[in-house]
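What follows is a single structure, written as structure tokens, with notes after it.
Both counts, for ligands and for their atoms, begin at 1 and track the order of listing. It should be emphasised that the depicted structure is a prediction, and the values quoted were computed from it without experimental measurement.
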Amino acid sequence: MYTLVLNQHWMILFLIGFMGSGKSFYAKGLANFLGVPMVDLDNYIEEHEGISVAKIFEKYGEQSFRDKESNAIRQAYADLLKGITENIHRNAIAGIISCGGGTPCFNENMNWMNLHGYTVWVNPPEEVICERLKKESATRPLLANIPEASLSDFVHQRMLERKPYYAMARFSVSDSNISIVDLFKAIQDAKNVL
Ligand code: S3P
């Protein structure tokens, strides 16, 4: 049913990790640096559904969002594939998908990503994640009812539940200050030993 693309001439990079880990930041930075297309999965869903992620949670519930998200990652991947030209060099990163924090944990998505591209876990310390989320909780439906005083417990608990999925990534980065170029080099080195 699935095709393993890791031995072909190019690959798609999937960035995974908790909310506030920096997935979108690094996806944009790497795509810019490499001159390749990138998809932010939450934005992709919002554009295709014509409604915000927060509203999908509110109107249809989380399960519905998870189904849309699982369809979206496969569709976004197919979109990126259409743009790949024959002359892209061996082992090159041809496109980047920045996932939502929960994407790897539902509907076999993590296995699917590992079969279809190269997964990178953006994994800064929990304190760093909490500091960022304090400033941005308004746009995130899962944080809507979490008081600031409970945020670090919430993050810790969720992280424990999600770690088994995130840890399936081929590569992980925990340096929250790593530059785009250094992250690229680290991924490239790790990818080359595949
Ligand atoms: C979610 C993370 C969000 C978004 C949705 C659910 C999660 O994405 O997909 O609110 O389950 O962790 P970000 O990680 O980009 O905030």
Side-chain angles (χ1 to χ4, degrees), residues 12-32 37-77 79-80 95-113 117 119-148 150-169 172-174 176 180 183:
I12 300 294
L13 208 63
F14 295 102
L15 295 195
I16 64 161
F18 208 83
M19 290 177 274
S21 59
K23 302 177 294 283
S24 302
F25 171 81
Y26 284 112
K28 272 182 217 149
L30 287 170
N32 210 13
M38 93 89 162
V39 175
D40 182 299
L41 204 57
D42 282 343
N43 292 345
Y44 187 91
I45 295 167
E46 292 187 339
E47 278 163 25
H48 283 75
E49 299 290 327
I51 175 174
S52 72
V53 167
K55 275 270 179 276
I56 297 174
F57 269 76
E58 196 185 306
K59 277 181 85 170
Y60 307 112
E62 178 169 354
Q63 187 52 52
S64 166
F65 173 75
R66 297 305 172 191
D67 292 343
K68 292 182 195 310
E69 179 179 49
S70 303
N71 290 334
I73 195 161
R74 288 155 178 78
Q75 192 56 54
Y77 176 84
D79 289 355
L80 286 178
I96 302 174
I97 298 182
S98 175
C99 297
T103 313
C105 316
F106 295 87
N107 300 333
E108 285 292 307
N109 290 340
M110 195 63 204
N111 282 327
W112 184 87
M113 286 189 269
T119 46
V120 173
W121 177 16
V122 184
N123 181 31
E126 276 177 37
E127 306 83 75
V128 173
I129 290 178
C130 288
E131 275 313 305
R132 291 184 189 150
L133 291 180
K134 268 186 210 162
K135 295 175 206 142
E136 304 171 9
S137 63
T139 54
R140 293 188 156 94
L142 291 182
L143 302 179
N145 300 313
I146 313 289
E148 200 176 303
S150 313
L151 189 64
S152 58
D153 285 347
F154 170 84
V155 169
H156 186 65
Q157 188 51 43
R158 271 290 157 113
M159 189 67 100
L160 284 179
E161 293 162 16
R162 289 181 166 186
K163 241 179 197 160
Y165 298 96
Y166 294 156
M168 288 163 72
S172 76
V173 54
S174 47
S176 56
I180 304 284
L183 178 59

Decide whether D67 and Q63 meet the rule of one side-chain donor and one side-chain acceptor closer than 3.5 Å. yes
Test R140 against F57 for side chain to side chain contact (heavy atoms under 4.5 Å, CB included), laying out the working first. CA-CA 10 Å; R140 293 188 156 94; F57 269 76; over 6 Å; no
So which of D40, L142, V122 gets nearest to atom 7 (C) of ligand 1, if we judge by its closest heavy atom? L142
Can you check which of R140, R162, R132 brings a heavy atom nearest to atom 16 (O) of ligand 1? R140
Selected option - heavy-atom contact closest to atom 2 (C) of ligand 1, from G22, G101, P104: G101
The side-chain contact (heavy atoms from CB on, under 4.5 Å) partner of V120 among I96, L15, I16 is L15
Under 3.5 Å, is there a donor-acceptor pair linking the side chains of T103 and N109? no
Face-on cation placement of R158 at F18 ring, 6.0 Å and 45° thresholds: no
Ligand 1 contact on K23 by region, counting heavy-atom pairs under 4.0 Å: side chain
Output the list of atoms in ligand 1 that are nearer than 4.0 Å to some heavy atom of P141, sorted by atom number. 10 (O)
So which heavy atom in the protein is nearest atom 9 (O) of ligand 1, and how far is it from that ligand atom? D42 OD1, 2.8 Å
Any N or O of R66 closer than 3.5 Å to N or O of ligand 1: yes
Supply the atom-to-atom distance Y166 OH to E161 CD, rounded to the nearest 0.5 angstrom. 10.0 Å
Count the heavy atoms of every other residue, nucleotide or ligand shown that sit under 6.0 Å from OH of Y165, and state whether that count exceeds 12. no
Which atoms of ligand 1 have any heavy atom of F65 under 4.0 Å away? 9 (O)
The closest protein heavy-atom partner of atom 5 (C) of ligand 1 is V53 CG1, 3.9 Å
